[in-house]
Amino acid sequence: MRMRISPSFGSAMASFFKMCRLHTIGRGSVVKCLQKVDTFLHRNIGTNVVAVQEKNGFKSLYAVQAERQEQAERSVLISCHSMTNEKRFLEYLANYGDIQKYFFYGIYAVVEFANKESIASLFEGTAIPGIGMETMMPFKSRLLSMRNLDSVDLRNQPKKRLAQQSIPINELIQRLSKEESIDQQITSLTEAHQLTEESCRLRFLVCSLLKDIVAPFFPECTIKPFGSSVNGFGKLGCDLDMFLDLDGISGKNATMPKSGLFLEYQMKAAKSERIVTQNILSGIGTCMDLFGPGCVGLHKILDARCPLVRFTHQPSGFQCDLTANNRVAMKSTELLYLYGELDPRVRHLVFTVRCWAQAQGITKSIPGAWISNFSLTVMVLFFLQRRNPPIIPTLEHLRDLAGPEDKSVIEDNDCTFVSDFSKIQLESNTETLEQLLCEFFEFYASFSFQTLSINIRKGREQNKPVGDPLHIQNPFETTLNVSKNVNTTQLGRFVALCQESSWLIQQNKTAPSRGGTEGKATITLWGVSNLLLPSQIEEVKRKQNSSKKQKFEPTNQWIKDMLKSMKATNNQQNQS
C-alpha cells in the first residue's frame with residue numbers, strides 16, 4: 001500500500017494521550033539464535049493478530065518480531081560505572097521483580113524482567129540526580145545508572161562478556177586453518193561473524209528506548225529495526241538501521257465524520273510527503289539531541305534520497321540511522337530474511353563472500369566506488385537461482401505464490417511476495433558449500449558484465465542498460481541500479497580476484513596433515529583461510545609493468561603463474 005501522509009496525522013504531535021504497546025519487525029540473525037528462544041509470546045495488537053507461520057522448524061519474520069519486541073519492552077539498560085559484583089547486582093534488582101534474563105558487555109548490563117510492571121516499580125525507586133547548580137532533565141528513560149555496589153576484579157570473572165565485534169582477521173584465518181574441511185571452515189566463519197542472541201536483543205532494546213523518546217509526540221508509533229540487524233545477514237558490529245512507522249496511528253485513515261470528535265494538530269500543510277518526513281525527522285532529531293540519554297554526535301541528513309537522522313548510541317556502541325519513509329527497504333529486509341530461512345547454505349555463502357570481499361578490499365566501510373554488501377548479497381542470491389536445479393526461487397515465483405493478504409504496492413512499486421513458508425516448494429539440490437563457493441568464483445570470473453545485468457526478480461541475465469559498469473537491478477524499485485556507484489576499476493578488480501580465488505581454492509581443497517614437533521601441531525593455511533590473505537594481483541601487475549620488454553600474458557595466467565610460484569615456495573618451506 002502506498003504511504004499517504006495527510007496533514008491531519010500530525011495531530012499526534014500535540015497529543016499526549018497514553019502510550020501504546022510497541023510492535024516491531026526483527027529477528028534473530030540465524031537459526032541457531034532462534035533455537036535458543038524458549039517460547040514465543042503471541043499478543044493482539046489493536047485488531048491485528050500476530051500469526052506464527054512455521055516450516056521445518058523455522059519461524060516467520062512476524063513471529064520473531066513480536067517475541068523480540070516484547071522482550072525489549074520488559075528490559076532496561078544499566079550502566080554500572082565499573083565491573084560490578086554480579087551477585088550483588090542481581091540481588092538489588094530482584095527487589096523490583098523477577099529477572100528473566102541478563103547479560104553484561106563492558107560496564108553495561110541488559111536486564112529483562114518477567115513483566116513490564118517491574119519496570120514501573122524500578123522507576124519508583126530511581127532518583128533523578130542534580131549536578132551543581134544545574135538540574136538534569138527529568139526524562140524517565142530505561143537507560144539507568146547504578147553506583148556504589150561492590151566492584152570486582154575482572155580476572156576473577158569467568159563469565160564471558162558480550163562480543164560486539166567480529167574476531168580479528170588474523171585470528172579468524174588461524175581458526176579456519178584448523179578445520180577439517182572447507183564446509184566446516186565456512187560454517188565456522190559464519191559462527192564467528194553472525195549477530196549473537198544477545199546482540200539481537202540489545203538492538204531491539206535500543207529501538208525501544210528511542211521509541212520512549214518519540215512516543216509523547218506520536219503515541220501509537222513504532223520504531224522497527226531493518227536491514228542487516230534483522231535480515232539474517234548482519235555481522236557483529238554492523239550499523240543499526242531504524243524505521244519510524246506512523247501508519248499505525250488510530251484514526252489516521254478513518255473517514256472524517258460530519259459530527260463528533262477529531263484531533264487538533266499543529267503541523268502546517270505541506271506540499272509533499274517528503275517535506276512532511278523531513279519536518280518529522282528534524283523535530284525528532286532535536287528532541288533526541290536534547291533529551292535522549294546516550295544519543296551523541298547527532299546529524300540531520302534531510303536532503304538525502306531517503307532523509308535520515310544519524311547518531312551514535314553511546315551505551316550500546318551502535319552507529320544508528322533513523323528514517324521515516326523507507327518502506328521499500330523494509331520489504332527488502334523481509335525478502336532477504338525469507339531467502340535466508342529457505343536454505344542454510346544461503347547465509348553461509350553470503351557470510352563467506354562478504355568476509356572474503358572485506359579482506360580483499362572489495363568492500364569498505366567508507367563511501368566510494370566499492371561494491372556494497374547489499375550488492376554482494378544480491379549477487380550471491382542470483383548465483384543460487386542459476387544453479388541446476390536452483391537452490392532458491394526467483395522473486396517472480398514468490399510473487400506468483402502470494403495470496404491477497406500479501407499484496408503490497410509501495411509508491412507504484414510491486415513489492416508483493418509470499419510470506420507463508422509452507423507454499424514454497426524447493427527443488428532438490430545437494431551441492432556442498434565447498435562446491436558452491438568454488439562455482440561462485442567461477443561464475444563471476446566469466447560473467448559478461450559488459451552486456452548483462454543481474455536480476456533476481458527473473459533469476460536470469462538481462463540486457464544491461466548503457467552506462468554503468470556493473471548493473472544490479474533493485475529487486476523492487478526496478479528502475480534503480482543498486483551498484484550504480486561502482487566504477488570500471490573496482491569491477492575489474494572484483495573479476496580478477498574471482499579468477500584468483502577460483503584457482504587458489506581448487507589447489508587447496510584438502511586439509512593438510514597435522515604434523516609437528518615436540519607435540520606442537522604445525523598450522524598450514526589452506527581452503528578458505530587462503531582466500532582471506534592479501535591478494536597477489538597488484539604485485540603481479542607491478543612486476544609485469546616494470547619490465548617493458550616482457551610479453552604480457554592474460555590476467556588469469558599472471559595469477560596462475562604467481563600462485564604456482566607461491567605454492568612451490570610454501571612447499572619448500574614446509575619440507576625444510
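- A donor-acceptor distance shorter than 3.5 angstrom exists from the side chain of Thr416 to the backbone of Ser408, with no hydrogens or angles considered.
- Side-chain contact of Asn455 with Ser453: a donor-acceptor pair under 3.5 Å is absent, judged by distance alone.
- For the pair Ser75 (side chain) and Leu205 (backbone), a donor-acceptor distance under 3.5 Å is absent.
- Looking at Tyr339, its side chain never comes within 3.5 Å of a backbone N or O of Arg347 through a donor-acceptor pair.
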Taking it one step at a time, do Glu461 and Arg386 satisfy salt bridge (charged side-chain N to carboxylate O under 4.0 Å, His left out)?
-> CA-CA 9 Å; Glu461 297 86 349; Arg386 299 292 292 151; 3.3 Å; yes

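- Judged by distance alone, the side chain of Asn487 and the main-chain N or O of Pro469 form no donor-acceptor pair under 3.5 Å.
- Ring geometry for Phe440 versus Trp356: interplanar angle over 60°, hence perpendicular rather than tilted (30 to 60°).
- Two residues are said to be in side-chain contact when any heavy atoms from C-beta on lie closer than 4.5 Å; Pro475 and Leu335 meet this criterion.
- Closest of all the heavy-atom pairs between Ile182 and Val528 is CG2-CG2, 4.0 Å.
- Of all the heavy atoms in Cys238 and Phe318, the pair that sits closest is O-CD2, 4.5 Å.
- Every residue was checked against the side chain to side chain donor-acceptor pair (under 3.5 Å) condition with Ser166, not counting sequence neighbours, and none meets it.
- Between the Glu171 side chain and the Pro168 main chain, no donor and acceptor come within less than 3.5 Å of each other.
- Using modelled atom types, one finds no donor on one side chain facing an acceptor on the other under 3.5 Å when comparing Arg399 with Thr394.
- Remark: side-chain polar atoms of Asn481 are not paired, donor with acceptor, to backbone N or O of Gln473 under 3.5 angstrom.
- A donor-acceptor pair is defined here as one N or O able to donate and one able to accept, closer than 3.5 Å; such a pair exists between the side chain of Thr187 and the backbone of Asp183.
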Run the side-chain contact (heavy atoms from CB on, under 4.5 Å) check on Phe494 and Met379 step by step: do they pass?
-> CA-CA 12 Å; Phe494 169 77; Met379 293 174 81; 3.6 Å; yes

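- With rounding to the nearest 0.5 Å, the separation of CZ in Arg493 from OG1 in Thr488 is 15.0 Å.
- In this structure the side chain of Phe374 never reaches within 4.5 angstrom of the side chain of Ile472, judged on heavy atoms.
- Side-chain N or O atoms of Ser501 include one that pairs as donor or acceptor with a backbone N or O of Leu497 at under 3.5 Å.
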Decide side-chain contact (heavy atoms from CB on, under 4.5 Å) for Ile505 and Asn530; before the verdict, give the C-alpha distance in whole Å, the side-chain angles of both, and the deciding distance to 0.1 Å.
-> CA-CA 8 Å; Ile505 198 170; Asn530 253 343; over 6 Å; no

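- Here Arg327 pairs with Asp245 in a salt bridge; the nearest charged N to carboxylate O distance falls below 4.0 Å.
- The aromatic rings of Phe351 and Phe233 sit tilted relative to each other, their planes meeting at an angle between 30° and 60°.
- Side chain of Gln506 to backbone of Ser502: a donor-acceptor contact under 3.5 angstrom is found.
- Contact annotation: the side chain of Phe382 approaches that of Phe443 to within less than 4.5 Å [non-hydrogen atoms, C-beta and beyond].
- A distance of 6.0 Å separates CG in Leu240 from CZ in Arg203, rounded to the nearest 0.5 Å.
- The side chain to side chain donor-acceptor pair (under 3.5 Å) pairs that include a residue from residues 357-370 are Lys235-Gln358, where partners are two or more places apart or lie in different chains.
- Side-chain atoms of Tyr337 and Glu341, non-hydrogen and from C-beta on, do get closer than 4.5 Å to each other.
- Salt-bridge check for Glu198 with Arg201: failed, with every basic side-chain N at 4.0 Å or more from each acidic carboxylate O.
- In this structure, Glu427 contributes its side chain and Pro390 its backbone to no donor-acceptor pair below 3.5 Å.
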Please step through salt bridge (charged side-chain N to carboxylate O under 4.0 Å, His left out) for the pair Glu477 and Lys484, ending with a clear verdict.
-> CA-CA 14 Å; Glu477 297 177 279; Lys484 186 177 180 63; over 6 Å; no

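- Inspection of the Ser199 and Thr196 side chains reveals no N or O donor paired with an N or O acceptor under 3.5 Å.
- Here the side chains of Arg345 and Glu431 are in contact, with some heavy-atom distance below 4.5 Å.
- Classification of the Tyr105-Tyr108 ring pair by plane angle, with boundaries at 30° and 60°, yields parallel.
- Residue pairs meeting the salt bridge (Lys or Arg N to Asp or Glu O under 4.0 Å) criterion with at least one member in residues 446-460, sequence neighbours excluded, are Glu396-Lys458.
- Smallest separation of non-hydrogen atoms from Ile186 and Leu437: CD1-CD2, 4.1 Å.
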Verdict with supporting geometry, Met330 and Ile410, side-chain contact (heavy atoms from CB on, under 4.5 Å) = CA-CA 11 Å; Met330 296 292 294; Ile410 302 173; over 6 Å; no

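- The shortest distance between side-chain heavy atoms of Val346 and Leu381 falls below 4.5 Å.
- In this structure, CG on Leu172 lies 9.0 Å from OG on Ser177, to the nearest 0.5 angstrom.
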Could you give me the CA-CA distance, side-chain angles and deciding distance for Leu336 and Val350, then say whether side-chain contact (heavy atoms from CB on, under 4.5 Å) is met?
-> CA-CA 11 Å; Leu336 293 187; Val350 167; over 6 Å; no

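- Side chains of Asp468 and Val486 form no contact here, defined as non-hydrogen atoms less than 4.5 Å apart.
- With rounding to the nearest 0.5 Å, the separation of CG in Asp414 from CZ in Phe476 is 8.5 Å.
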